[in-house]
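Okay, structure first, notes after.
We count ligands from 1, going down the list as the structure has it; atoms in each ligand are counted the same way. Position 1 is the first residue of the sequence; numbering continues from there.
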Amino acid sequence: MSIDENIRSVRKRIEGAAKRSGRSPDEITLVAVTKNHTVSEIQQVINSAVTNLGENRVQELLPKREALGDVVAWHFIGHLQRNKVKYIIPLIYLIQSVDSIALAREINKQCRELGKVQDVLLEVNVSGEASKYGFSPEEVLFAVDELARFKNVQIKGLMMMAPFISDIGLLRLYFAKMKELFDNLSKRQGPNFEMLSMGMTNDFEIAIEEGSNMVRVGTAIFTP
Ligand SMILES: *Cc1c(COP(=O)(O)O)cnc(C)c1O
């Protein structure tokens with residue numbers, strides 16, 4: 001299978017899952033996760049009309065962004081160190097992985113100097129795994145209020161990474177819990193709070209069925 005065929009297949013699966021959840025596939029954003037892949041592979045993704053790309057490491061993002069330009073929207077999806085914030089701010093559409101108040105404060109500071117308002121998602125560690133970054137579901141309520149003070153940071157929604165487990169029922173429960181948290185916060189935050197980023201190669205259909213409107217897919221796009 002070529003990258004183009006893989007993307008068609010992923011889109012079909014997104015469409016099926018969207019329909020099962022009573023939504024239009026247009027409501028689901030596909031972010032192609034390009035980590036560990038070359039500029040020429042990524043060019044094929046862009047040629048297949050994918051307009052959102054995700055990278056999880058600053059060292060990989062910078063040369064790829066340089067080579068490919070801003071014909072696509074770049075998403076940062078990995079743990080971001082505060083001292084690297086200044087390098088990516090001018091280049092990035094959405095930082096999906098804001099996992100501490102201190103990181104948000106640094107983003108706000110760098111953006112103020114550039115006159116940019118940075119769209120971000122708050123990462124939630126819904127499964128409580130020690131190995132995962134992110135706010136707990138309780139902390140995120142507090143974080144939203146704290147971030148309201150940062151005028152150059154706009155919270156657009158939530159992001160989560162599901163644990164690698166084979167128990168589909170439990171997985172569904174985590175996604176549903178995120179959707180509930182998202183809906184509650186949406187009521188408080190208003191229409192700008194609109195993105196719920198959950199679902200990867202192993203679980204994006206389940207995530208969409210439970211209410212995700214943004215999936216981050218790597219392996220299913222790049223594996224021949
Ligand atoms: C790598 C990665 C993905 C994509 O994972 P696949 O299983 O390859 O689809 C999504 N989100 C984050 C944060 C990642 O690091």
Side-chain angles (χ1 to χ4, degrees), residues 1-17 28-38 41-42 44-46 48 50-62 64-65 72-81 84-85 88 92-100 103 107 119-135 140 156-168 171-172 174-175 178 182 195-224:
M1 294 273 269
S2 69
I3 286 175
D4 186 58
E5 286 169 319
N6 285 345
I7 290 172
R8 279 172 213 264
S9 153
V10 167
R11 287 198 188 284
K12 277 228 155 58
R13 290 168 60 193
I14 290 173
E15 191 179 324
I28 320 288
T29 303
L30 169 62
V31 179
V33 177
T34 51
K35 64 173 182 229
N36 305 325
H37 294 283
T38 63
E41 286 174 298
I42 301 170
Q44 294 176 53
V45 172
I46 297 173
S48 300
V50 171
T51 53
N52 291 275
L53 302 184
E55 279 287 339
N56 69 341
R57 292 171 67 217
V58 173
Q59 310 89 286
E60 266 196 78
L61 168 75
L62 297 180
K64 289 174 182 176
R65 171 66 174 68
V72 286
W74 291 89
H75 298 233
F76 196 80
I77 61 174
H79 177 62
L80 180 56
Q81 288 170 311
K84 303 243 171 82
V85 167
I88 73 163
I92 209 91
Y93 158 67
L94 181 68
I95 299 176
Q96 296 205 7
S97 42
V98 170
D99 54 14
S100 70
L103 175 60
I107 294 170
D119 286 344
V120 304
L121 306 183
L122 300 184
E123 182 169 354
V124 181
N125 180 358
V126 72
S127 55
E129 287 168 285
S131 61
K132 281 201 160 63
Y133 291 103
F135 298 98
V140 82
K156 299 290 285 184
L158 304 178
M159 184 270 245
M160 70 95 94
M161 277 177 81
F164 288 104
I165 51 173
S166 52
D167 182 343
I168 304 288
L171 208 49
R172 243 180 228 291
Y174 288 136
F175 288 135
M178 280 294 292
F182 175 76
M195 298 173 182
L196 179 56
S197 174
M198 54 186 196
M200 308 173 20
T201 291
N202 284 331
D203 55 27
F204 70 87
E205 287 156 297
I206 302 170
I208 292 168
E209 286 167 15
E210 297 300 329
S212 165
N213 60 23
M214 184 175 281
V215 294
R216 310 177 309 270
V217 180
T219 308
I221 289 176
F222 289 102
T223 305

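Here the CD atom belonging to E210 is positioned 11.5 Å from the CG atom belonging to D203, to the nearest 0.5 angstrom. Rounding to the nearest 0.5 Å places NE2 of H75 at 12.0 Å from CD of E55.
In plain terms, the two heavy atoms of K64 and K35 that are nearest each other are NZ-CA, 4.1 Å.
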Would I3 and F222 satisfy side chain to side chain contact (heavy atoms under 4.5 Å, CB included), going step by step from the backbone distance to the final call?
CA-CA 6 Å; I3 286 175; F222 289 102; 3.9 Å; yes
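Residues I95 and L103 fail the side-chain proximity criterion, which asks for heavy atoms closer than 4.5 Å.
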One line per pair, note the atom names and distance for all nitrogen or oxygen contacts under 3.5 Å between ligand 1 and the protein.
| residue | atom | partner | partner atom | Å |
| --- | --- | --- | --- | --- |
| ligand 1 | 8 (O) | T219 | N | 2.8 |
| ligand 1 | 8 (O) | T219 | OG1 | 2.5 |
| ligand 1 | 9 (O) | T201 | N | 3.0 |
| ligand 1 | 9 (O) | T201 | OG1 | 2.5 |
| ligand 1 | 9 (O) | G218 | N | 2.8 |
| ligand 1 | 11 (N) | R216 | NE | 2.9 |
| ligand 1 | 15 (O) | K35 | NZ | 2.8 |

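Salt-bridge formation is detected for the pair E209/R172: a Lys NZ or Arg NE/NH1/NH2 atom is positioned less than 4.0 Å from an Asp or Glu carboxylate oxygen.
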